[in-house]
Amino acid sequence: MKSIDSISDYLASSSTGNFFLLAGPCVIEGEQMALDIAGNVSEICKRLNIPYVFKGSYRKANRSRIDSFTGIGDMEALEILKKVRNTFSIPVVTDIHSAEEAGIAADYVDILQIPAFLCRQTDLLVAAASTGKMINIKKGQFLSPEAMKYAIQKVIDAGNEQVALTERGVTFGYQDLIVDFRGIPEMKKNGCPVILDVTHSLQQPNQTAGVTGGRPDMIETIARCGIAAGADGLFMETHPEPSKAKSDGANMLRLDLVSGLLERLTILRETINKINK
C-alpha cells in the first residue's frame, strides 16, 4: 500500500484541485458492508477526482451506555480494514484510544485518528507519531482552534510531520454543537491539512436515552460552508441504512445520497478555486 510520503501527497493534490474525503461507516460491522461502502464511494470519488480514504473504527471506546455496540472484535475488524485497503488500493483510517493501540493499528491502516476527547493526551499523540503513520487529530469540542497548535507540536516533536487537524464542532449547552467556520482558516495557519467533520459537527449529545442524536438533514449545509471556508478535506460517515447502523446512525448520510452530495460539492469547490485565483 501507499507509503507515508505518498499518503501526504495523495491528500495534498489532485488534478482538479478538489477536496479530499474520509468516509465510511462509524464502526466496522462486518466485511461485506465495509467492502460495499468502500467500493461504492471509491467509484464515485474516481469519477469526480476526489482523493478518497476509507474510514472505519475497528472499535468504539467512547460510548454513552455500557450496552452500546463497540465492535465485532479488534483483530477481525482490523483485518477487514486491511482487506478494504488491498481490494481497492485506497488508504484507510481508524481511531485509536490508547498508546498501546497505536502500534497494533499501524500495521493495518495508513492514517491513525485521534478522537476529539483525547486530543490532549500526550502519551497517545507521541505513540501515534512514533509509528510513522500520518496522524489526524480531531479538535476537542472544548478547545479553541488556536490551542490545536500544541497538539500538532507534540506530534512534530516526536519526529513526525505528517499531521492533519479536523474540526468537529464546539459544545453548545449540554445537547448540541455549533461550528465556528473561522476555525478552518485559523487552523490552516499551522501549515497542515484541515478537515471538516460534517457528521460529528451535527451530533446532539447527552440525550436522555443515552444514544446520541443528530441532524443529518444539515450535512450538505455544513459541508458547503466548509468548502467555502477553505477546508482541505471532508470527513463523513455513511451507511446503506443509517436507521439500522450499530453506532451513530442518527448522524450518518445514507449511502445512496453520497453521489449527489459529492457532485454538488465538487462544483462548489471549482467555483471557490476560481474565486481564489
Side-chain angles (χ1 to χ4, degrees), residues 1 4 7 22 24-30 34 53-85 91-143 147-169 171 192 195 197 199-200 203 205-206 210-212 235 237 245-248 251:
M1 192 50 213
I4 184 63
I7 290 293
L22 280 61
C26 177
V27 63
I28 297 298
E29 299 178 10
V53 179
F54 177 80
K55 178 270 165 184
S57 296
Y58 74 92
R59 172 156 45 97
K60 297 299 290 185
N62 52 331
R63 303 288 84 193
S64 296
R65 291 172 21 174
I66 196 167
D67 60 346
S68 295
F69 179 77
T70 58
I72 59 175
D74 291 359
M75 301 315 298
E76 184 177 351
L78 286 168
E79 287 290 349
I80 290 171
L81 287 168
K82 183 178 180 179
K83 185 166 185 177
V84 167
R85 183 192 201 211
V92 296
V93 57
T94 198
D95 301 291
I96 57 172
H97 308 90
S98 69
E100 293 74 22
E101 290 182 39
I104 298 170
D107 288 337
Y108 296 85
V109 304
D110 304 279
I111 304 173
L112 297 175
Q113 184 164 278
I114 309 300
F117 283 126
L118 301 176
C119 69
R120 297 180 73 242
Q121 296 299 106
T122 301
D123 59 342
L124 177 58
L125 290 167
V126 170
S130 298
T131 67
K133 297 293 184 177
M134 188 171 190
I135 311 302
N136 179 31
I137 311 172
K138 287 198 169 185
K139 182 179 76 65
Q141 302 92 315
F142 44 84
L143 287 177
M148 290 305 294
K149 64 184 177 182
Y150 301 111
I152 293 173
Q153 197 61 48
K154 290 177 184 179
V155 174
I156 294 173
D157 287 348
N160 188 341
E161 296 189 356
Q162 307 298 321
V163 60
L165 293 176
T166 294
E167 169 62 56
R168 50 94 74 237
T171 299
C192 66
I195 302 162
D197 181 344
T199 293
H200 296 98
Q203 275 189 331
N206 299 322
V211 178
T212 298
F235 176 105
E237 290 181 347
K246 295 183 178 180
S247 177
D248 280 2
N251 304 308

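Quantities reported herein were computed from a predicted structural model and do not represent experimental measurements. Only this structure's heavy atoms are used, side chains among them; waters, hydrogens and symmetry mates stay out.
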**Request:** State which residues pass salt bridge (charged side-chain N to carboxylate O under 4.0 Å, His left out) with Lys82; sequence neighbours excluded, sorted by chain then number.
**Result:** none
**Contact check, side chains of Leu81 and Tyr58, non-hydrogen atoms, under 4.5 Å** = yes
**Request:** Taking the side chain as every heavy atom from C-beta outward, state whether Cys192 and Ile152 have any atom pair closer than 4.5 Å.
**Result:**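 When only atoms from C-beta onward are counted, Ile152 and Cys192 do touch, with a gap below 4.5 Å.
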Looking at [Y], is its backbone amide N or carbonyl O close enough to the side chain of [X] to form a donor-acceptor pair, meaning the two atoms are under 3.5 Å apart?
X: Asp197; Y: Arg168; result: no
X: Thr171; Y: Phe142; result: no
X: Lys133; Y: Val109; result: yes
X: Glu101; Y: His97; result: yes
X: Thr94; Y: Gly56; result: yes
X: Asn160; Y: Val155; result: no

Who passes side-chain hydrogen bond (donor to acceptor under 3.5 Å, both in side chains) against [X], sequence neighbours left out?
X: Gln153; value: Asp157
X: Glu161; value: none
X: Lys139; value: none

How close do [X] and [Y] get, counting heavy atoms only, and between which atoms?
X: Ala106; Y: Leu112; answer: N-CD2, 4.1 Å
X: Met75; Y: Ile104; answer: SD-CG2, 4.4 Å
X: Gly30; Y: Ile80; answer: C-CD1, 3.7 Å
X: Ala164; Y: Met134; answer: CB-CE, 4.2 Å

**Message:** For Lys149, give me all partners under side-chain contact (heavy atoms from CB on, under 4.5 Å), at least two apart in sequence or on another chain.
**Reply:** Asn190
Counting only pairs under 3.5 Å, give me each side-chain donor-acceptor contact of residues 118-128, with atom names and distances, residues two or more places apart or in other chains.
unit_1: Thr122; atom_1: OG1; unit_2: Lys154; atom_2: NZ; d: 2.8

**Prompt:** Would you call the rings of His200 and Phe235 parallel, tilted or perpendicular if under 30° counts as parallel and over 60° as perpendicular?
**Reply:**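 The arrangement is tilted - the two ring planes meet at 30° to 60°.
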**Message:** Assess whether a salt bridge exists between Glu167 and Lys138, defined as any Lys/Arg side-chain N lying under 4.0 Å from an Asp/Glu carboxylate O.
**Reply:** no
**Item:** Stepwise side-chain hydrogen bond (donor to acceptor under 3.5 Å, both in side chains) check, Asp95 with Ser57
**Value:** CA-CA 6 Å; Asp95 301 291; Ser57 296; 2.3 Å; yes
**Message:** For Asn251 and Thr199: C-alpha separation, side-chain torsions, deciding distance, then whether side-chain hydrogen bond (donor to acceptor under 3.5 Å, both in side chains) applies.
**Reply:** CA-CA 6 Å; Asn251 304 308; Thr199 293; over 6 Å; no
